[in-house]
Chemist: 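Mind looking over this structure? Questions follow.
A note on names: the letters A, B, ... follow the listed sequences, proteins ahead of strands, and every chain is numbered from 1. Predicted model, so just to flag it, every value in this text is computed and none were measured.
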2 protein chains.
Amino acid sequence: MKVLTKNTDYAIRALLALAAEKGRYLSAKSIAAGQDIPYQFLRTLLQEMIRHNLIVSKEGARGGFMLEKDPDTITVTQLIEIFQGKVQVSECMFRKQICGNRSRCVLRHEIMRIEQVVQSEFEKVTIGKLLRDLEAANRK
Amino acid sequence: MKVLTKNTDYAIRALLALAAEKGRYLSAKSIAAGQDIPYQFLRTLLQEMIRHNLIVSKEGARGGFMLEKDPDTITVTQLIEIFQGKVQVSECMFRKQICGNRSRCVLRHEIMRIEQVVQSEFEKVTIGKLLRDLEAANRK
DNA sequence: ATTAACTGATACTAAATTAGTATCAAATAA
DNA sequence: TTATTTGATACTAATTTAGTATCAGTTAAT
Ligand code: FES
Ligand code: FES
């Protein structure tokens, strides 16, 4: 079971690259090369992140992408929701056949509790935190 | 993002049905009908669970499947591992390009911590617990 | 003995999701 | 005016998930 798909994975890496160069425009090409992400794939991801107001872009020569938001406000949960949809354990695991009473289904509560845990764990992981961890590791 | 796939979902439901009738053989046909699971699909899942010693079977007329293990010892984590592979957040999210030092990669630790949380949450959910919740809900 | 109701084993197809590519128009800096 | 860059969007390929089909062998009941 793989929790993060490539697009989320790549998006995080791209954001880390942008966060590391905050205030400057980085081209998709340079990010792709630096992080070893397929160029055209990365471009679609960057555009998606623009739509969600995580980054901004400048067109034309010397253009590129830039992070404007505080990296500590961007969580992995947000990125999962953008690229993989909301965290859900199972659509509706035990239907009428088992549950009978969907409105106060105990199992459903169990399931939703876990969804909550997963979500909040990933919420603790922000781009800012990852970047600091990374820099700390590189200093060693 | 869907955490549980159909096979895990169906397997849990099948096990609940078997746990509810402990000591008796239930045919794949009756489980399929009762839980609204595609018959042939269910059969492959049941065989997989036999291979993993979660259930036993009896061939021939009046045969079927039976749960021998204590339902409280069967966790959803186990089932996820059987049907979806071990929980892993991402193969190796930030390779050499970012990480540099893979052996003591801080990010990797972060990732593995979350894997651990997810796993242990699902470990709390056993077939026994689900069955009791279910019965309690039905009594209402 | 024969037959109906079963599982064992395994191969196959279909649908959905994930991953990646390609193209062309428009913007901008040099 | 040209090289470099993003915007928009459509497309293909690979992989995973979901589901089906087949046939051999076992057992209980008649
Ligand atoms: S009714 Fe959907 S999980 Fe209970
Ligand atoms: S080296 Fe793989 S996550 Fe850091």
Chemist: In whole Å, I'd like the distance from the OH atom of B:Tyr25 to the P atom of C:dG8.
Modeler: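 So the OH-P distance, B:Tyr25 to C:dG8, works out to 11 Å.
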Chemist: State the CD1-NE2 distance between B:Ile55 and B:His52, to the nearest 0.5 angstrom.
Modeler: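 So the gap between those two atoms works out to 12.0 Å.
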Chemist: When we call it a touch if two heavy atoms are under 4.0 Å apart, what does B:Ile50 touch: a base, just sugar-phosphate, or nothing?
Modeler: sugar-phosphate
Chemist: Side chain to side chain contact (heavy atoms under 4.5 Å, CB included) with A:Gln116: which residues, sequence neighbours excluded?
Modeler: A:Gln119
Chemist: Write down the distance between CG (B:Leu45) and P (C:dT7), rounded to a whole number of angstrom.
Modeler: 14 Å
Chemist: Report the distance from atom CE of B:Met66 to atom P of D:dT27, rounded to the nearest whole Å.
Modeler: 15 Å
Chemist: Output yes when a side-chain donor or acceptor of A:Gln78 lies under 3.5 Å from a complementary backbone atom of A:Thr73, and no otherwise.
Modeler: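 Looks like yes, one N/O pair under 3.5 Å.
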Chemist: OP1, OP2 of C:dG8 versus side-chain N and O of B:Ser57: anything below 4.0 Å?
Modeler: yes
Chemist: Could you state the atom-to-atom distance from CG of B:Leu18 to P of C:dT7 in whole Å?
Modeler: 11 Å
Chemist: Applying side chain to side chain donor-acceptor pair (under 3.5 Å) to B:Gln84 and B:Thr8, what does each step give before you reach the verdict?
Modeler: CA-CA 8 Å; B:Gln84 303 177 230; B:Thr8 308; 2.6 Å; yes
Chemist: B:Arg24 has an atom CZ; how far is it from atom P of C:dC6, in whole Å?
Modeler: 12 Å
Chemist: Starting the side chain at C-beta, find the nucleotide from D:dA29, C:dT7, D:dA8 nearest to B:Arg62.
Modeler: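 It is D:dA29.
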Chemist: Out of curiosity, does A:Tyr10 fall in the hydrophobic cluster containing B:Met1 (side-chain heavy atoms, cut-off under 4.5 Å, transitive links)?
Modeler: yes
Chemist: With sequence neighbours excluded, what pairs up with B:Ser30 under the side-chain hydrogen bond (donor to acceptor under 3.5 Å, both in side chains) test?
Modeler: B:Ser27
Chemist: When you check every protein heavy atom under 4.0 Å of nucleotides 14-28 of chain C, what one-letter string (B, S, -) results, 5' to 3'?
Modeler: -----SBBBB---BB
Chemist: A:Phe65 has a side chain; which of D:dA29, C:dT7, D:dT6 sits nearest to it?
Modeler: D:dT6
Chemist: Starting from C1' on C:dT7, measure out to CG on B:Leu26 and report it in whole angstrom.
Modeler: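 Result: 14 Å.
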Chemist: May I have the distance from B:Ile80 (atom CD1) to D:dT17 (atom P), rounded to whole angstrom?
Modeler: 12 Å
